[in-house]
Amino acid sequence: MRQIVLLKDIPDLTEIKLDSQTRAPIIEGVKRRISEVDKRALEAAIRLKEKVGGEVVALSLGDDKTKTALLEALAMGADAVYIVNEPELKGLDTNATSKVLEAAVKHAGDYDLIIAGEMTLDSLSSQIGPRLAQLLDIPQITYVKELNVADGKVRAVRDLEDVDEVVEAALPAVVSVVREINEPRIPNLMSIMRAKRKPQTVWGAGDIGLDASEVKSQSYVQITSVSAPKVERKQIRIEGESVEEAASKLVEALMQEGVI
Amino acid sequence: MSFLVFSEDRELAFQLLGKARELADKMGSEVAALAAGSDPMEYVSQGADKVYTVSGLGGFNVEPYGAAVVEAVKAANPSTVFMGATKRGKELAPRVASSLGVGCMNDCSGVELEEGKIVVERLTYGGSTVAKETSTSTPTVISFPPRCFEKLEPVERTGEVVELELDLPEPRVKVVESREKPKSTADLESASIIVSAGRGFKAKEDLRLLEEIAEILDAQIGCTRPISADLGWMDQWVGISGKKVKPSLYVACGVSGTIQHVAGIRDSQIIVSINSDERASIHGISDYSLVGDIYEVLPALTKALRERA
Ligand SMILES: Cc1cc2nc3c(=O)[nH]c(=O)nc-3n(C[C@H](O)[C@H](O)[C@H](O)COP(=O)(O)OP(=O)(O)OC[C@H]3O[C@@H](n4cnc5c(N)ncnc54)[C@H](O)[C@@H]3O)c2cc1C
Ligand SMILES: Nc1ncnc2c1ncn2[C@@H]1O[C@H](COP(=O)(O)O)[C@@H](O)[C@H]1O
């Protein structure tokens with residue numbers, strides 16, 4: 001079985017500082033890592049491979065920094081990494097991104113399963129999985145928290161609001177996973193060393209048969225501003241000689257506030 | 001600038017209709033809706049000028065529903081498609097957008113007209129920032145979660161009902177089993193006081209400590225995602241991927257205060273944190289913070305609340 005896992009490297013959210021004037025996030029220079037849920041998508045693929053065999057390749061539309069960030073995927077157990085890196089294909093919206101990934105998937109060879117994350121934590125768009133399923137015209141299985149493959153079929157448990165839905169579909173299919181599906185492994189030193197010798201292939205737009213400016217013209221959504229909402233909190237620490245005293249002080253404060 | 005509205009959740013569809021009607025009235029344009037279930041005229045009284053119906057849709061499945069919305073878009077030819085951002089809606093909206101080859105802004109928190117253009121607000125960067133986004137495609141698909149907007153008071157209006165004749169695709173994903181989740185009656189979005197549990201709780205029984213306080217304060221009980229999604233102790237959680245709440249008082253107990261959680265409580269009037277780790281980030285975004293063990297603080301708090309006034 002051959003699985004393609006979609007990985008995006010995003011700025012480490014815990015390291016993003018705000019511009020003191022505009023409250024816009026400062027992304028320049030922040031270390032990039034594989035988005036948290038994407039790592040779990042990869043872990044899910046590796047666990048399936050450990051069960052049924054085959055190959056796991058990672059695919060990313062990224063830039064010059066993506067190669068370094070995706071070393072972690074190779075260390076975790078991906079067999080190969082494909083990166084689309086084309087200067088003109090930066091800052092695309094989800095429509096254009098999915099077109100690039102569609103072309104790259106077709107170029108990356110046969111596949112039985114494509115695994116994505118529920119959402120990336122930078123853009124929170126939750127779009128690429130469903131879009132890719134539509135473009136490739138194969139089954140779309142979202143919010144997966146348990147994943148199995150047997151007899152040419154994928155069987156999954158989907159985590160919806162009101163139900164856990166057990167579903168089945170023929171392969172190939174696109175699956176997107178939620179964070180609860182697993183705990184991703186932390187690669188040991190040996191695997192990290194070995195990762196450096198695994199293949200990383202970089203493609204430009206032309207390599208996957210795309211005309212970059214045509215794709216770019218299909219990127220419709222523009223971000224006009226980004227800033228952190230200003231929150232003013234009182235930040236009062238409640239202390240006391242004893243827990244009881246602190247608790248009483250807290251109750252007093254909340255009564256003063258008129259909220260209880 | 002005309003609208004088409006769809007959500008598989010009727011209440012949410014009506015909320016979206018309310019907003020679409022308001023925007024359309026400003027611009028002198030039309031609102032259409034694709035109805036889910038029976039009684040299309042109700043969509044008219046909720047603000048639609050035209051209602052499309054499709055027979056044989058059945059329970060939600062993304063392929064036939066996607067096809068139906070795409071056909072409704074082709075029939076109505078709107079410039080903007082409003083969809084509900086339930087989990088099902090959030091996988092449907094991008095699929096519809098992809099079929100049409102257009103832009104989509106998923107899970108937005110607000111929408112405005114700016115110089116005749118639709119501009120939405122969405123959380124980004126894990127929930128720490130708000131982005132304003134706009135799209136140049138026609139149409140553009142935009143989704144909103146429940147309770148972003150209020151539905152209109154139903155009024156007697158005239159509207160047209162159009163039945164779409166469709167060959168719906170057979171779903172390729174078969175539902176083998178549907179396991180109901182335990183349904184709590186907590187209504188977090190409209191609660192005025194919420195006491196909330198995080199991983200600081202060691203066992204489900206210990207939630208008793210919160211239940212006592214909730215009883216005294218007539219509060220609802222919320223939790224973080226791991227308490228619900230990993231441990232299954234409750235059916236709904238608070239945060240970017242859960243409920244966005246706006247109580248007058250939010251008491252976070254044993255909650256670390258990750259950005260994904262905090263993004264859901266930012267509109268609270270007063271935030272209280274109780275966490276034994278003095279460096280926990282929840283303390284930094286609270287009005288009142290108490291560094292301590294919930295297993296000691298909560299019983300003391302219960303006692304103090306009983307004794308008050
Ligand atoms: C795509 C995505 C979406 C997400 N969406 C959400 C969301 O909507 N909502 C959400 O909540 N999370 C969400 N998360 C998960 C989030 O990243 C965190 O994992 C989660 O919020 C942490 O929950 P917690 O605070 O309960 O647990 P922890 O981070 O483990 O914190 C537990 C806290 O309890 C304290 N504690 C321990 N024992 C005690 C004690 N005896 N007394 C007092 N304090 C104690 C500890 O000091 C610690 O600070 C999301 C994650 C992803 C990847
Ligand atoms: N640039 C990208 N390269 C590879 N995969 C991506 C990219 N962007 C998004 N994805 C995949 O699509 C999922 C959903 O992303 P999004 O729709 O942006 O929230 C992610 O979790 C990834 O698995």
Residue part contacting chain A, namely of [X], when any heavy atom lies under 4.5 Å:
| X | answer |
| --- | --- |
| B:Lys183 | neither |
| B:Ile270 | both |
| B:Asp107 | neither |
| B:Val173 | both |
| B:Gln269 | both |
| B:Leu305 | both |
| B:Glu278 | both |

Test log, rule side-chain contact (heavy atoms from CB on, under 4.5 Å), inputs B:Glu180 and A:Val163: CA-CA 5 Å; B:Glu180 281 303 311; A:Val163 290; 3.9 Å; yes
What heavy-atom pair brings [X] and [Y] nearest, and what distance separates the two atoms?
| X | Y | result |
| --- | --- | --- |
| A:Tyr220 | B:Gly101 | CE1-O, 3.4 Å |
| B:Glu133 | A:Val221 | OE1-CG1, 3.6 Å |
| A:Pro229 | B:Ser128 | CD-O, 3.5 Å |

B:Tyr288 and its side chain to side chain donor-acceptor pair (under 3.5 Å) partner, picked from A:Lys234, A:Arg237, A:Glu257: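 For B:Tyr288, the side chain to side chain donor-acceptor pair (under 3.5 Å) check succeeds only for A:Glu257.
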Side-chain donor/acceptor of A:Gln235 to backbone N/O of B:Gly284, under 3.5 Å: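 Side chain of A:Gln235 to backbone of B:Gly284: a pair is present.
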Side-chain (A:Glu161) to main-chain (B:Thr86) donor-acceptor, under 3.5 angstrom: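 No.
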From [atom1] ([X]) to [atom2] ([Y]), nearest 0.5 Å:
| X | Y | atom1 | atom2 | answer |
| --- | --- | --- | --- | --- |
| A:Gln134 | B:Glu63 | CD | CD | 10.0 Å |
| B:Arg266 | A:Arg233 | CZ | CZ | 9.5 Å |
| A:Leu160 | B:Phe60 | CG | CZ | 9.0 Å |

Carboxylate-amine/guanidinium proximity below 4.0 Å for A:Glu165 and B:Lys87: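 B:Lys87 and A:Glu165: not salt-bridged.
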Salt bridge B:Lys181-A:Asp159, side-chain N to carboxylate O under 4.0 Å: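 Result for this pair is yes, salt bridge flagged.
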Look at [options] and state which one has the largest set of heavy-atom pairs under 4.5 Å with chain A.
| options | answer |
| --- | --- |
| B:Leu301, B:Ile216, B:Thr134 | B:Thr134 |
| B:Ser248, B:Ser137, B:Ala93, B:Ser178 | B:Ser137 |
| B:Ser143, B:Ala97, B:Ser286 | B:Ser286 |
| B:Leu92, B:Thr140, B:Val102 | B:Val102 |
| B:Val291, B:Ile271, B:Ile274 | B:Ile271 |
| B:Ala131, B:Pro171, B:Gly66 | B:Ala131 |

Most heavy-atom pairs under 4.5 angstrom with chain B, which of [options]?
| options | result |
| --- | --- |
| A:Leu121, A:Val154, A:Thr14, A:Ile236 | A:Ile236 |
| A:Thr224, A:Val226, A:Asp164 | A:Asp164 |
| A:Met119, A:Arg179, A:Arg23 | A:Arg179 |
| A:Pro139, A:Ser227, A:Ser123 | A:Ser227 |
| A:Ser126, A:Pro11, A:Ala96 | A:Ser126 |
| A:Glu118, A:Gln140, A:Glu245, A:Glu244 | A:Gln140 |

[X] versus chain B, the contacting section by heavy-atom distance below 4.5 Å:
| X | result |
| --- | --- |
| A:Asp93 | side chain |
| A:Leu124 | both |
| A:Ile16 | side chain |
| A:Leu254 | side chain |
| A:Thr94 | side chain |
| A:Ile27 | side chain |
| A:Ala24 | neither |
| A:Gln218 | neither |
| A:Leu13 | side chain |
| A:Asp12 | neither |

pair B:Arg122-A:Ile223: side-chain heavy atoms closer than 4.5 Å: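 B:Arg122 vs A:Ile223: side chains apart.
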Pairwise side-chain contact, B:Lys174 with A:Lys153, heavy-atom cut-off 4.5 Å (strictly under):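 No; the side chains remain at least 4.5 Å from each other.
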CA sep, side-chain torsions, deciding dist, call: A:Asp137, B:Arg172, side-chain contact (heavy atoms from CB on, under 4.5 Å): CA-CA 10 Å; A:Asp137 194 18; B:Arg172 282 176 289 191; 3.0 Å; yes
Verdict with supporting geometry, B:Arg88 and A:Asp162, side-chain contact (heavy atoms from CB on, under 4.5 Å): CA-CA 11 Å; B:Arg88 292 177 172 104; A:Asp162 48 346; 3.3 Å; yes
More than 12 heavy atoms from other groups under 6.0 Å of NZ on B:Lys303: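 No, NZ of B:Lys303 has 12 or fewer neighbouring heavy atoms, counting only those of other groups under 6.0 Å.
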